[in-house]
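The next block holds one structure in the form of structure tokens; read it before the comments.
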Amino acid sequence: MNKSHPVFSPVIQGYWRMAEWGMTTQQQHAFVKQHLEMGITTVDHAPVYGPDSACERMFGEVLSLDPALREQIEIVSKCGIYPGKNPNEVAHYNSSKEAILASVDQSLSRLNTDHLDVLLLHRPDLLMDADEAAEAFELLSKAGKVKHFGVSNFTPSQFDLLQSRLAQDLITNQVEVNPVNLSVTEDGTLDQLQEYRVQPMAWSCLAGGRLFNDTSEQMNRLRKTLSEVAEELGASSIDQVVYAWVMRMPSNPIPIIGSGQIERVQVAVDALELTMSHEQWYRIWGASKGHGVA
């Protein structure tokens, strides 16, 4: 694989909850400006974020308000998830050429931009024809509508299958990475990405809030250990320690932050200054597992 990958900011601002933030377009614009000042230039979207793709549409309104912002950011969006539109249609995945091309055109319209910096296939489609998906990618690339391509939630074999049909590299696999769900550390996903020198994007670093409100034995152990490590590192909070834990992995995952509170975003950015030891990383791992290494 050649390694001509784009450069992302060290933390990504996720906009999947944008429709829940209760902000005006002017307030959303101010929020974007604030995280740009922090060095967060990469933003994460998808057509399924918010009712009727509201999050892409709202972000597009921000870009319409201040078109100069577009040159300062890298927009990641996705395709492939189709919620059932009526009671007779079930939610499903679709990575056909027609579906990919139509989804990108719709995202570009909502986002008020002429190109995506990165397009990801959002979920593995069990009916994916890799040749057909690759043809869609080639058409989008030649048309200048998408600069780079990647996947999300793909297994190593699914990643390799699609890559085998592409002239250009897949530049990321966006996967769940946190100390609660350790699957990508065990199933070869992060090993493969390190082998290919492809940076994963890490979603749900805080395990969907379970680290804060789940009272299970596992979560209690984790909170206790994260608090101990926070004190040792001089971290401001346990979530800052979690971001440092994610970024400590040698595949260099890029955390995606989902908060619309700029103070919480700053916490994640400040985690870049923390240096976690092997022992501290494994102590957190052991707290999640309920046992140490063999």
Side-chain angles (χ1 to χ4, degrees), residues 1-9 12-16 18 32 40-50 53 55-60 62-64 67 69-82 93-125 128-154 158-175 193 196-201 203 254 256:
M1 300 178 74
N2 67 62
K3 306 300 186 297
S4 57
H5 295 166
V7 175
F8 302 114
S9 53
I12 296 171
Q13 180 59 48
Y15 278 90
W16 65 85
M18 189 178 190
V32 174
I40 302 178
T41 60
T42 309
V43 298
D44 182 70
H45 284 279
V48 292
Y49 294 162
S53 304
C55 297
E56 283 191 332
R57 190 168 58 252
M58 294 168 78
F59 197 85
V62 173
L63 293 183
S64 180
L69 284 177
R70 182 63 186 95
E71 299 305 313
Q72 303 174 51
I73 60 177
E74 304 86 39
I75 297 180
V76 179
S77 196
K78 310 178 187 72
C79 66
I81 299 180
Y82 291 84
Y93 305 140
N94 188 340
S95 61
S96 67
K97 180 176 73 172
E98 292 77 11
I100 293 171
L101 296 177
S103 182
V104 168
D105 282 342
Q106 292 159 9
S107 286
L108 293 177
S109 176
R110 286 188 292 263
L111 288 162
N112 279 316
T113 186
D114 63 355
H115 73 279
L116 298 175
D117 294 280
V118 183
L119 175 70
L120 309 180
L121 295 185
H122 204 159
R123 291 277 178 177
D125 172 14
M128 181 185 76
D129 182 322
D131 291 309
E132 191 173 334
E135 184 180 352
F137 285 6
E138 184 178 3
L139 290 171
L140 290 167
S141 181
K142 286 182 176 178
K145 293 180 179 181
V146 179
K147 291 185 176 181
H148 302 280
F149 300 89
V151 295
S152 182
N153 305 298
F154 271 44
Q158 291 164 343
F159 188 101
D160 278 339
L161 169 60
L162 183 57
Q163 182 61 74
S164 73
R165 303 301 201 271
L166 298 173
Q168 61 174 284
D169 291 346
L170 294 170
I171 54 82
T172 195
N173 190 359
Q174 188 178 116
V175 292
L193 297 176
Y196 294 164
R197 301 188 189 279
V198 172
Q199 273 190 286
M201 296 179 182
W203 62 267
I254 309 173
I256 304 173

Checklist entry - Where do V76 and L120 land on the side-chain contact (heavy atoms from CB on, under 4.5 Å) test, with the steps shown first? => result CA-CA 8 Å; V76 179; L120 309 180; 3.9 Å; yes
Checklist entry - Which one of I12, D44, N153 satisfies the side chain to side chain contact (heavy atoms under 4.5 Å, CB included) criterion with Q174? => result D44
Checklist entry - Does the side-chain contact (heavy atoms from CB on, under 4.5 Å) test come out yes or no for H115 and R70, once each step is laid out? => result CA-CA 10 Å; H115 73 279; R70 182 63 186 95; 3.1 Å; yes
Next on the checklist: Tell me if a side-chain donor or acceptor on D117 pairs with a main-chain N or O of I75 at a distance below 3.5 Å.
Outcome noted: yes
Next on the checklist: For E138, I'd like to know if atom CD has over 12 heavy atoms of other residues, nucleotides or ligands within 6.0 Å.
Outcome noted: no
Checklist entry - Quick one: OG on S96 to CE on M128, what's the gap to the nearest 0.5 Å? => result 12.0 Å
Item to check | Heavy-atom pair of closest approach, residues D125 and Y93 | outcome: OD1-O, 3.8 Å
Item to check | Pairwise side-chain contact, Y196 with L170, heavy-atom cut-off 4.5 Å (strictly under) | outcome: no
Checklist entry - Roughly how far, to the nearest 0.5 Å, is the CD atom of E135 from the CG atom of L140? => result 10.5 Å
Checklist entry - How far apart are the closest heavy atoms of A136 and L101, and which atoms are they? => result O-CD2, 3.9 Å
Next on the checklist: Do K145 and L139 have side chains that approach each other closer than 4.5 Å (heavy atoms only, starting at C-beta)?
Outcome noted: no
Next on the checklist: I'd like to know if the side chain of T172 reaches the main chain of Q199, judged simply by a donor and an acceptor atom lying under 3.5 Å from each other, with no hydrogens or angles considered.
Outcome noted: yes
Next on the checklist: Determine whether a donor-acceptor pair (N or O, by modelled atom type, separation under 3.5 Å) exists between the side chain of K78 and the backbone of H45.
Outcome noted: yes
Next on the checklist: On a heavy-atom basis, which atom in S152 and which in P124 lie closest, and how many Å separate them?
Outcome noted: O-CD, 3.9 Å
Item to check | Min side-chain heavy-atom separation L121-C79 under 4.5 Å | outcome: yes
Checklist entry - Parallel, tilted or perpendicular for Y49 and H122, by the 30°/60° rule? => result perpendicular
Item to check | Derivation of the side-chain contact (heavy atoms from CB on, under 4.5 Å) call for V32 and Y15 | outcome: CA-CA 11 Å; V32 174; Y15 278 90; 3.3 Å; yes
Checklist entry - What's the shortest heavy-atom distance between R165 and A134, and which atoms? => result O-CB, 3.5 Å
Item to check | Side chains of F8 and M201 in contact at under 4.5 Å (non-hydrogen atoms) | outcome: yes
Checklist outcome for this item: All heavy atoms of L162 vs all of A133, minimum pair found to be CD1-CB, 4.0 Å
Item to check | Test item: Q168 and K147 side chains (from C-beta on) under 4.5 Å apart, heavy atoms | outcome: no
Checklist entry - Do Q106 and S53 meet the criterion of a side-chain donor-acceptor pair at a distance under 3.5 Å? => result no
Checklist entry - Quick one: does T113's side chain get under 4.5 Å of L108's, heavy atoms only? => result yes
Checklist entry - With no hydrogens and no angle check, is any side-chain donor or acceptor of T42 less than 3.5 Å from a backbone partner on S9? => result yes
Next on the checklist: Has S103 got a side-chain atom pairing as donor or acceptor with I100's backbone, closer than 3.5 angstrom?
Outcome noted: no
Next on the checklist: Ignoring hydrogens, what is the shortest heavy-atom contact between V118 and G150? Give both atom names and the distance.
Outcome noted: CG1-N, 4.5 Å
Next on the checklist: Just verifying a value: how many Å separate C55 SG and R110 CZ, rounded to the nearest 0.5 Å?
Outcome noted: 10.5 Å
Item to check | Test: D131 and K97 ion pair at under 4.0 Å | outcome: no
Checklist entry - Side chain of E74, backbone of L116: donor and acceptor closer than 3.5 Å? => result no
Checklist entry - Going through the distances and angles, do L111 and F59 end up as a side-chain contact (heavy atoms from CB on, under 4.5 Å)? => result CA-CA 6 Å; L111 288 162; F59 197 85; 4.1 Å; yes
